[in-house]
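First the structure, in the form of structure tokens, and then the observations on it.
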Amino acid sequence: MKAKFSSMRLAGLRRLTTVGVLLLALPAYSQSPVQQPAQQETPQENSLQNTLSAVSLTRGNNDSQVVKLVFKNTVGELPIAFTTSNPHRLVLDFPATSSALPRTAETAEGGGGIKNWQVVQAGQRTRVVLNLSGPASYELRKDRNLVLAVLRGIPVPPDTPTPTRFAEAGPARAHGIRDIDFRRGKDGESRVMVTLSDPGVGVDIKKQGGAIQVEFLNTSLPTPLQRRLDVADFATPAQLVETFEQGKNTRMMITPKGKWDYSAYQTGNLFTLEVRSLEGAQPDGRDKPQYSGEKLSLNFQNVEVRSVLQVIADFTGLNIITSDTVSGNVTLRLKDVPWDQAMDIILRAKGLDKRATGNVIWVAPRDELAAKEKLELEARQQIADLEDITTEFIRLNYLRASEAQAIIKGQSLSAAASSAKASCATKAEGVGGTSAQTATGTGAAAGQSILSKRGTTSYDLKTNTLFIQDTPSKIQQVKDMIASVDVPTKQVMIEARIVVADDAFGRTLGARLGFQGRDSTHSGQTGLRAGVSSNATGSSTAANSSAALTTAPANLDLTALTSVGGLAFNQTPASLGFTVINAASTAILGLELRALEADKRGKIVSNPRVITQNQKPAVILQGQQIPYTSAASGTAATTTNFVDALLCLLVDPQVLNNDTIILDVEVQKDAIGAVPPGGSAPAINVKRVKTQVRVKNGETAVLGGIFEQELRNDTEKVPFLGDLPLLGHLFKSNIKGDIKTELLIFLTPRILDDGVVIQ
């Protein structure tokens, strides 16, 4: 495929500004198109009427600067001139003129309002660009073969908006606007699109307060388009777009929100203004600009595409190669647009595409590039099918050979990783790595192998070696991939603190009341018992003894208890009692008051810790097994079963690239409880937490807590007698209890590097 090199650089062209805009194109009001490609400029120079031979700068009167342009022949008319305000420039266009300058760029010396100038020739036109340090007024004079540009600086108050001349107005005739549309760009920018009646509409753009004012010069606006558009629902910086007639012009006001910036460009009859937001950075990088090239401005009227690409090549210093099929003209006006975006706009307008290799850019129609790439891919595939097969032995350091084979074949190791299970069970289980059968069995998800269709692989676990048979290019791909995954696995130490705290308070108060006497007709003892008739026969011996005269039996026993609910006092209540004995009547009256108050505060701290590799579950446990005996139904045989009462820590860590750790953790804290009534073995108090958390390296996470509180206020009393004022306290017992239990779990993971904790 033949192609012509169309990036004919202008000698000595250098970029003199790092940020800003460079005007390197033809003016909008130039109506005659370029008839010849850029590489055929030599025949054209013979038909040019004049030649620019020298440019110099001198000091004038009243702090002015004079730019003297010397031509080979007499100058017929003054050049067409216009200025820009961002950045400040004076542009002089000389039609039918060539340039014979040895250098196309020159830096001004001695300071002043002119920083530098540049001279560019495109076709039969020569443009002189004077870069200014600020706003200035100018005056043009001519004298035979000389053109003088006298510039004087203009003091401008700060924050004074000045209009930017986007495009000069065409001939003095009426223009019109055909349509106005608003769209949201793919990066969230506002895009206002105006369809003009012809490409020669003059446009001025400036910031007016917090809005953008676009003035279409000598342009009419149809009544249906005189409207105010509320575009806030598009979620772009622009909120309002208002268009109306202002005298002979049409004015458009765009009101954005927040911090923003704008750019404008025109292709043919379509004028586009984009407003981009400068705030609200997003984590996925969408706030970054899509185009990062240096900004420039282009103004073309029906100019050949090759000439436009040549201007971009001269500006960027890149080598642009165009295909023979690249042809056609383009009308284009861009203002403050990155050069790479300008190039994309030109290519899209003409159905072209580009491929970049280093500083060389190939430009051709899309279909042509696609066909060429298809042929290249088919040629490479044919070469791969005929390439010799070689064998390579790869010794692995950290990765198992079976796992490496699964990765090469595009299989997932998630099923293999899940095979290494761990649980809070006292029975020992086999611990081992992933077997080859597990890694490559049906449980692993099959994927696309990186080997060619002729490639094979096998391994040896004894030496942890991988064997590859494939083409040299595929083997190199396998080596590169293995080098990235055959790295030491990070180890994690997980330390847990399990705190079980209890705060118990109990108080009981009761009385023992007894009475006994000797009946005159019986020889046995007679007594009163709560709810039970007296039994004289069972205690005759005690009644007849001397001890019966000193203490009375507990006919009514409502004394303090040694336990309240789950609170065991483990001590005898304090008591205070007295006995009244009447020897004459042989009657004994006994009264005993008993009270108990207990305040118990306890804390049990367990500190299990375990070390494991990344994404490898681990468990550590400690505890007891409680035997339970049960009889089989219908037989006299008994069996003994064991129930676990364990402290268990089960973790499965995953270390992320930012040293953050995701933990699948299960903590179990069982304890032996009280023996239930009628039972033969104690109960098991179970406390368990199972969750997934994300923790940074070395930080501590509180997984959760279990808080229980039991409040008791019980009263036992004798009916009627217990309700008597004051005296009723002798016939009732009060029980108060407040039991609080709390479980807290603290988890601290630490990443280890060669056995050393990484903080």
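- Counting only distance, with no hydrogens or angles, the side chain of T660 and the backbone of L656 share no donor-acceptor pair below 3.5 Å.
- Evaluation of the side chain to side chain contact (heavy atoms under 4.5 Å, CB included) rule for N657 yields no partner, not counting sequence neighbours.
- For Y398, there are no ring pair (Phe, Tyr, Trp, His ring centres under 6.0 Å) partners, not counting sequence neighbours.
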Next on the checklist: What verdict does the side chain to side chain donor-acceptor pair (under 3.5 Å) test give for R497 and T700, after you've listed the backbone C-alpha separation in whole Å, the side-chain angles of each residue and the deciding distance to 0.1 Å?
Outcome noted: CA-CA 10 Å; R497 292 179 177 85; T700 300; 5.4 Å; no

Checklist entry - Run the side chain to side chain donor-acceptor pair (under 3.5 Å) check on E699 and N697 step by step: do they pass? => result CA-CA 6 Å; E699 293 187 354; N697 179 32; over 6 Å; no

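- The salt bridge (charged side-chain N to carboxylate O under 4.0 Å, His left out) test applied to K687 returns no partner, not counting sequence neighbours.
- For E378, the salt bridge (charged side-chain N to carboxylate O under 4.0 Å, His left out) criterion is met by no residue, not counting sequence neighbours.
- Under the side chain to side chain contact (heavy atoms under 4.5 Å, CB included) criterion, R395 pairs with T463, T465, not counting sequence neighbours.
- Judged by distance alone, the side chain of E189 and the main-chain N or O of D187 form a donor-acceptor pair under 3.5 Å.
- The backbone N or O of K490 sits nowhere less than 3.5 Å from a side-chain atom of N614 that would complete a donor-acceptor pair.
- Considering only residues two or more places apart in sequence or on other chains, I475 meets the side chain to side chain contact (heavy atoms under 4.5 Å, CB included) condition with T390, E392, I468, D470, K479.
- Although no hydrogens or angles enter the test, the distance criterion places no donor-acceptor pair under 3.5 Å between the side chain of D353 and the main chain of P365.
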